[in-house]
2 protein chains.
Amino acid sequence: MFAIGSVERDTGISRDTLRIWERRYGFPTPERNDKGERVYSAEQIQRLQRIRRLLDQGFRPGKVVPLEDEALNKLADTLHDVLLSQRGIDPAHTRLIDLASSGDIPALNSALEQVLAREGLSSFVLDTFAPLTKSVGELWAAGRLQIFEEHILTRHLVRFLEVAMSRVGYPPGNPEVLLGTLPGEQHALGLLMAEALLINSGRATLNLGTDVPLDEIVTAAERSGVSTVALSFSGCYTRNAIRDDLEELAERLPRAIRIWIGGDGVRRLRRLPPSVEIMSLESI
Amino acid sequence: MFAIGSVERDTGISRDTLRIWERRYGFPTPERNDKGERVYSAEQIQRLQRIRRLLDQGFRPGKVVPLEDEALNKLADTLHDVLLSQRGIDPAHTRLIDLASSGDIPALNSALEQVLAREGLSSFVLDTFAPLTKSVGELWAAGRLQIFEEHILTRHLVRFLEVAMSRVGYPPGNPEVLLGTLPGEQHALGLLMAEALLINSGRATLNLGTDVPLDEIVTAAERSGVSTVALSFSGCYTRNAIRDDLEELAERLPRAIRIWIGGDGVRRLRRLPPSVEIMSLESI
DNA sequence: AAGCATTTTTTGTCCTAGACAAAAGAAATT
DNA sequence: AATTTCTTTTGTCTAGGACAAAAAATGCTT
């Protein structure tokens with residue numbers, strides 16, 4: 001049995017939210033210890049994690065939190081298939097997904113090496129690596145991967161790409177593009193793919209990684225002398241938060257520095273500050 | 001001006017803690033917006049981050065939270081020097097630290113490559129990489145590195161070691177040792193160093209990375225057929241939490257699987273479950 | 001002194017329920 | 001089709017007290 005703090009840590013759902021879901025949707029239904037504090041069973045935590053994954057895929061709390069176990073399973077189960085069939089099915093890609101979901105890392109590794117050698121880094125990133133990470137995310141949301149499997153896969157994919165980048169070699173000279181995500185944003189794969197494409201086209205980069213406070217980005221951009229700052233926003237980031245952050249950034253950054261933004265969070269965005277451009281991986 | 005939630009995110013100090021520090025120590029002293037909510041200035045956040053770093057180094061809240069800006073700066077400023085002089089000074093190491101703190105990544109990179117080529121991976125990890133990461137942590141605590149500089153350095157060190165590992169080549173066959181940290185533990189460098197040493201001695205590993213729930217570790221260990229589970233605990237982890245987690249893990253893991261633990265958090269630990277051993281990097 | 005057990009101090013987490021604004025969806029308008 | 005307006009949904013923040021876990025300090029034993 002687990003305290004609300006552990007549940008927050010394990011599920012990424014805040015205490016406040018857990019308490020208010022209980023009030024509004026009747027789930028979760030923790031018991032109480034002798035101190036009167038909520039204690040959650042492992043089953044409820046598991047269900048919360050399943051809910052969390054569905055929310056990350058864009059479902060709304062009111063639609064999924066009150067669902068019974070069965071309905072939840074069914075929803076998650078159909079999710080990946082639906083998304084995959086929408087995109088159309090590429091047999092080579094299907095094979096990679098099978099390797100990924102079966103957890104056969106060495107086989108996945110050599111399959112990736114083959115594709116990389118055949119297609120070159122840019123095409124590999126765009127046509128193979130990006131869809132593969134997307135599928136991993138969906139498999140995860142659908143509950144077909146255990147947490148540890150997702151951990152291993154993501155780590156491995158990151159490592160694979162970093163090694164591939166090191167083989168291309170880091171371009172010499174001062175960095176042109178600074179990459180990073182703002183606080184609260186943990187998705188590093190988008191940045192990494194952008195970095196790979198930039199390096200492959202001979203442009204030096206400075207990757208700050210995830211979770212970088214805004215004023216640190218400003219300082220880093222000024223000190224390093226880059227001409228472009230590239231930020232990635234995943235779907236979790238809300239539109240207004242993105243707009244506010246971008247306005248502040250545009251204001252505080254020297255005029256000469258361009259801002260590129262990318263990721264699932266920017267798709268529905270309009271009315272950007274003048275120095276901000278939406279970039280897709282393809283356009284790098 | 002920032003809401004309490006942003007401060008929690010940027011400093012890693014929980015809302016509850018921020019409020020209770022205000023009551024107990026008279027710091028921070030946020031103003032209020034028209035809704036009556038706390039709003040924190042950038043200066044206060046910066047001071048909170050400085051406090052946070054000192055706490056991570058083992059100071060207690062009562063000693064540092066009430067301190068004035070000046071006293072805080074002085075304390076942080078002397079910290080790294082004291083720790084460094086305690087360890088004794090190696091000129092080669094000093095040069096690396098200078099490169100690291102000056103942010104000259106290419107120069108640091110080639111310096112590391114030289115040492116690696118001369119000493120080999122194991123000795124490089126033990127005698128160069130480990131002390132260097134320790135120094136980076138101390139410089140960070142002392143406030144001599146900006147957040148972004150610490151980000152860049154850590155990312156770079158990780159990448160360097162991963163590429164070095166890939167050059168040695170991953171040993172074939174089933175993994176023998178599973179590596180990971182439990183939820184709440186974000187320090188990945190210890191795991192990475194252990195992995196490098198294991199790989200260099202021909203043992204295949206499975207690195208789950210940070211923040212892995214206990215039952216996922218159990219499942220992963222059973223499925224992958226490892227003979228050893230290695231966990232890392234940084235100084236932030238409390239002794240009792242470690243003991244409880246280890247007892248649960250020892251109980252749920254098959255008897256044949258050994259448990260290794262390492263990291264700053266395990267130094268003062270006693271009375272361990274029978275299957276648990278404290279391992280230092282040197283003894284791998 | 002070093003190891004262990006006990007007491008005292010310090011410290012963080014959790015509780016309540018209501019208020020409210022931000023986000024997203026739906027509907028209406030240009 | 002794009003923008004504006006309205007409505008519903010959703011998460012964040014407030015307070016101060018209670019309390020236990022953690023760490024330090026003390027005392028005791030070897």
Side-chain angles (χ1 to χ4, degrees), chain A residues 1-9 11-27 30-40 51-52 54-66 184 233 235-245 265 267-271, chain B residues 1-9 11-27 30-40 51-52 54-55 58-66 184 233 235-245 265 267-271:
Chain A
M1 303 298 269
F2 303 85
I4 196 167
S6 323
V7 181
E8 175 179 31
R9 219 182 35 197
T11 65
I13 302 164
S14 80
R15 299 148 207 263
D16 280 327
T17 303
L18 287 167
R19 286 196 273 256
I20 215 156
W21 281 3
E22 188 180 334
R23 242 197 279 167
R24 286 190 186 144
Y25 310 121
F27 184 85
E31 298 181 27
R32 301 291 179 132
N33 63 14
D34 41 4
K35 244 167 85 187
E37 299 175 353
R38 291 171 178 79
V39 284
Y40 297 80
I51 289 171
R52 176 68 207 280
L54 289 170
L55 294 184
D56 285 348
Q57 293 287 316
F59 286 90
R60 304 207 55 188
K63 307 276 179 189
V64 292
V65 180
F233 298 90
C236 318
Y237 236 84
T238 65
R239 297 182 221 166
N240 279 22
I242 297 179
R243 187 168 31 70
D244 290 350
D245 284 345
R267 318 194 75 200
R268 289 180 285 181
L269 229 50
R270 297 190 208 100
R271 275 192 292 170
Chain B
M1 303 298 270
F2 302 85
I4 197 168
S6 324
V7 181
E8 174 179 31
R9 219 181 35 197
T11 64
I13 302 164
S14 81
R15 297 150 210 265
D16 279 327
T17 303
L18 287 167
R19 286 197 273 257
I20 217 156
W21 281 3
E22 188 180 335
R23 241 198 280 166
R24 285 188 187 147
Y25 310 121
F27 184 85
E31 297 181 29
R32 301 293 178 131
N33 63 13
D34 41 4
K35 244 167 83 188
E37 299 174 354
R38 292 171 177 79
V39 284
Y40 296 81
I51 289 172
R52 175 70 207 281
L54 289 171
L55 294 184
F59 286 90
R60 305 210 55 189
K63 307 278 177 185
V64 292
V65 179
F233 298 91
C236 319
Y237 235 84
T238 66
R239 295 181 222 167
N240 281 23
I242 297 178
R243 189 171 25 72
D244 290 350
D245 285 345
R267 318 194 75 200
R268 288 180 285 179
L269 229 50
R270 295 190 210 101
R271 275 192 288 171

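Only a predicted model underlies this, so the values are computations on that prediction, with no experimental measurement involved.
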Practice task
Establish, with yes or no, whether the OP1 or OP2 oxygen of C/dT10 is under 4.0 angstrom from a side-chain nitrogen or oxygen of B/Tyr25.
Solution key: no

Problem - Length of the CG-C1' vector between A/Asn33 and D/dA20, whole Å - result: 11 Å

Handout entry: Check: D/dG16 base within 3.5 Å donor-acceptor of B/Arg19 side chain
Key = no

Practice task
Could you tell me the separation between the CD1 atom of A/Ile20 and the C1' atom of C/dC15, rounded to a whole number of Å?
Solution key: 15 Å

Exercise for the section: Report yes if at least one side-chain N or O of B/Thr17 is closer than 4.0 Å to OP1 or OP2 of C/dT13; otherwise report no. Expected result: yes

Completion exercise
One should read off an interatomic distance between B/Trp21 CH2 and B/Ile51 CD1, to the nearest 0.5 angstrom, of 6.0 Å

Exercise for the section: Ignoring backbone atoms, establish whether B/Arg15 has a side-chain N or O less than 4.0 Å from OP1 or OP2 of D/dA15. Expected result: no

Practice task
Could you tell me the separation between the NZ atom of A/Lys63 and the C1' atom of C/dA26, rounded to a whole number of Å?
Solution key: 12 Å

Problem - Any N/O donor-acceptor pair, A/Arg24 side-chain to D/dG11 base, under 3.5 Å - result: yes

Completion exercise
NZ of A/Lys63 to OH of A/Tyr25, rounded to nearest 0.5 Å, is 10.5 Å

Problem - Short side-chain N/O contact from B/Ser14 to OP1 or OP2 of C/dG12, under 4.0 Å - result: no

Problem - Rounded distance (Å) that lies between atom C1' of C/dA19 and atom NZ of B/Lys35 - result: 8 Å

Handout entry: Nearest to side-chain heavy atoms of B/Trp21, which nucleotide of D/dC13, C/dG12, D/dA23
Key = C/dG12

Handout entry: Nucleotide C/dA23, atom P - distance to CZ of A/Arg60 in whole Å
Key = 12 Å

Completion exercise
Here the distance between atom P of D/dC13 and atom CZ of B/Arg9, to the nearest Å, is 10 Å

Fill in the blank from the handout: To the nearest 0.5 Å, atom CD1 of B/Ile4 lies from atom CZ of B/Arg19 at 4.5 Å

Exercise for the section: Please determine, for the side chain of B/Asp16, which listed nucleotide (D/dT12, C/dC15, C/dT10) has the closest atom? Expected result: C/dC15

Exercise for the section: Enter the distance from A/Ser14:OG to A/Asp16:CG here, rounded to the nearest 0.5 Å. Expected result: 5.0 Å

Handout entry: A/Arg52 side chain to A/Thr11 backbone, donor-acceptor under 3.5 Å
Key = yes

Exercise for the section: Let me know the distance between CD of A/Glu37 and C1' of D/dA20, rounded to the nearest Å. Expected result: 8 Å

Completion exercise
Taken to the nearest whole Å, CZ/A/Phe59 to C1'/D/dT9 is 17 Å

Exercise for the section: By nearest nucleotide on DNA chain C, pick out whichever of A/Arg23 and B/Leu55 is the more 5' one. Expected result: B/Leu55

